[in-house]
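Computed from a predicted model, the values in this text were never measured in an experiment. If you read the sequence from its start, that first residue is 1, and numbering goes on from there. Heavy-atom basis, side chains included; hydrogens, waters and symmetry copies ignored.
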Amino acid sequence: MKEMVLKYGCNPNQAAARIYMNHGGDLPLEVLNGRPGYINLLDALNSYQLVKELKEAIHLPAAASFKHVSPAGAAVATDMSDTLKHIYYVDDLELSPLATAYACARGADRMSSYGDFVALSDTCDAATATLLKREVSDGVIAPDYTEEALEILKTKRKGTYCVLKIDKDYKPALLEHKDVYGVTFEQERNEAKITTDLFKTRPTRNKDIPEKAQRDLLIALITLKYTQSNSVCYVKNGMTVGVGAGQQSRVHCTRLAGNKTDIWWLRQHPKVLALPFKEDVHRPDRDNAVDVYLSDDYDDVLADGAWQLVFTRCPVPLTREEKKTWLGELHGVSLGSDAFFPFGDNIERAHRSGVDYIAQAGGSVRDDHVIAMCDKYNIAMAMTGLRLFHH
């Protein structure tokens, strides 16, 4: 296929839309089911690059959950605790390594992942397809599908679920182009290789970054490489737990990603695990209820007339002190930033969400202040010298 005509562009009023290869060659992907839209394809092509690079760097199956050209989550296949299986709604499934990666990629920020586009680094198997079938999702891209997996996916969304197969051996041209307001931009693709060599410069007093933390920092930086800038990413145990994308201020990125990390951790609090949901409440409604329950607006779900819609009895709120105590137990989080931290307030905020390891570009005139703040909290920080802006 040399060209794919689309229903419309970013919006329905942009009727003329297509994708094609400038040099006239074949597209590196084919549609196995459904009909992808403009934004679907932007998500698909960006997310597949991410999981392909994760697999190459860490040598484990990888998955990503994309929304509006940024990852809501990304993960590699690692062991999941029973608690995570429960809050990710997969404790009733037999998961393959690839399915585990997607469960973690989607599960850490289920609110953002609702209606996502999925990328898989490996051949989609039946276990992953079974998980995909029951989640609200727009489509999936993978290098291949087993026959059983494809049949499962073809039944999703009344047969309209978008399934894309990409040529795993495709290599794009070095130069890429983008038109804005009739002006064509040209640049070299960002072919920077993200490896542990980037972590050699450690200006903080604490220079100890264990192997698992280095793996998590790799995941953070590779995720940021395909996240709309400014961006900051928190990772723990092989999965993103908070992504802050597209903010004009870096501290707002850090806060946004940190708040998501806090919610991820608070969802594991015994009070949250014991919330008495009615049996007929669907997973997205449970996610919404938990999100509100953990917010300052918890009365919106606990007030008389509201709690009866989702709970069998009215839960007791999680107090501010209980939240603070529980969050104080979170440690071992790794944080990546797509550019330097200009102020120490980013470190202060990261510390409150359990960050013990940081990788950031460095090069700010206030590097000394950022280093001093890391030393205050015994955080080990690597300065990579590599900026990862993506637009």
Side-chain angles (χ1 to χ4, degrees), residues 65-68 72-73 75 80-95 99-100 102-118 130-138 155-158 161 234 236 239-244 255-327 329-330 353:
S65 170
F66 253 60
K67 284 286 292 291
H68 295 288
M80 294 174 67
S81 68
D82 289 341
T83 297
L84 288 184
K85 289 178 182 177
H86 176 71
I87 67 173
Y88 294 172
Y89 308 122
V90 295
D91 46 359
D92 61 331
L93 296 176
E94 289 291 332
L95 298 177
T100 299
Y102 177 60
C104 291
R106 183 186 180 96
D109 186 3
R110 288 184 58 85
M111 295 284 288
S112 296
S113 289
Y114 184 86
D116 63 350
F117 208 94
V118 181
T130 299
L131 174 56
L132 278 169
K133 183 181 177 181
R134 71 186 200 178
E135 296 288 8
V136 178
S137 170
D138 280 356
T155 66
K156 185 175 172 63
R157 292 182 63 170
K158 298 180 179 179
Y161 188 64
Y234 294 58
K236 184 171 172 63
M239 72 191 84
T240 64
V241 291
V243 180
R255 289 173 187 167
L256 176 59
N259 291 343
K260 290 182 177 184
T261 300
D262 292 349
I263 291 171
W264 170 79
W265 184 245
L266 288 168
R267 281 164 58 198
Q268 301 174 60
H269 190 282
K271 270 191 176 181
V272 180
L273 295 175
L275 285 172
F277 283 105
K278 296 167 69 173
E279 288 188 8
D280 61 350
V281 177
H282 297 148
R283 288 187 297 274
D285 295 320
R286 291 186 181 216
D287 293 331
N288 288 332
V290 170
D291 192 69
V292 176
Y293 174 78
L294 291 173
S295 75
D296 292 337
D297 299 319
Y298 57 81
D299 273 343
D300 289 351
V301 75
L302 298 185
D304 194 40
W307 68 262
Q308 291 93 336
L309 299 175
V310 289
F311 300 120
T312 57
R313 56 180 169 77
C314 187
V316 177
L318 193 61
T319 68
R320 188 179 298 271
E321 276 304 310
E322 286 175 318
K323 290 180 185 178
K324 184 177 180 181
T325 299
W326 186 256
L327 289 171
E329 297 178 12
L330 177 58
S353 293

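When atom types are taken as modelled, the side chain of Lys271 and the backbone of Pro315 share no donor-acceptor pair closer than 3.5 angstrom. The closest donor-acceptor contact from the side chain of Lys67 to the backbone of Ser112 lies under 3.5 Å. Remark: side-chain polar atoms of Lys260 are not paired, donor with acceptor, to backbone N or O of Asp109 under 3.5 angstrom. Side chain of Gln308 to backbone of Gly305: a donor-acceptor contact under 3.5 angstrom is found. At least one donor-acceptor pair under 3.5 Å links the side chain of Trp265 to the backbone N or O of Trp326. Panel note: side chain Arg267, backbone Ile87; a donor-acceptor pair is recorded below 3.5 Å. A side-chain donor-acceptor contact under 3.5 Å links Arg283 to the backbone of Arg134.
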Note to self: Does Val90 form a side chain to side chain contact (heavy atoms under 4.5 Å, CB included) with Met80? I'd like the steps, not just the answer.
What the structure shows: CA-CA 10 Å; Val90 295; Met80 294 174 67; 3.9 Å; yes
Notebook entry, point to check: Between Ser113 and Ser65, does a side-chain hydrogen bond (donor to acceptor under 3.5 Å, both in side chains) hold up when you go through it step by step?
Noted result: CA-CA 6 Å; Ser113 289; Ser65 170; 2.9 Å; yes
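From Trp307, atom CH2 reaches atom NZ of Lys278 across 9.0 Å, with rounding to the nearest 0.5 Å. Atom CG of residue Leu95 and atom OH of residue Tyr88 lie 12.5 Å apart, to the nearest 0.5 angstrom.
A 6.0 Å sphere centred on CZ of Phe311 holds more than 12 heavy atoms belonging to other residues, nucleotides or ligands.
Between the side chains of Asp287 and Tyr89, at least one donor-acceptor pair of N or O atoms lies under 3.5 Å.
For the side-chain contact (heavy atoms from CB on, under 4.5 Å) with Leu131, the qualifying choice from Leu93, Val118, Thr100 is Leu93, the only one to do so.
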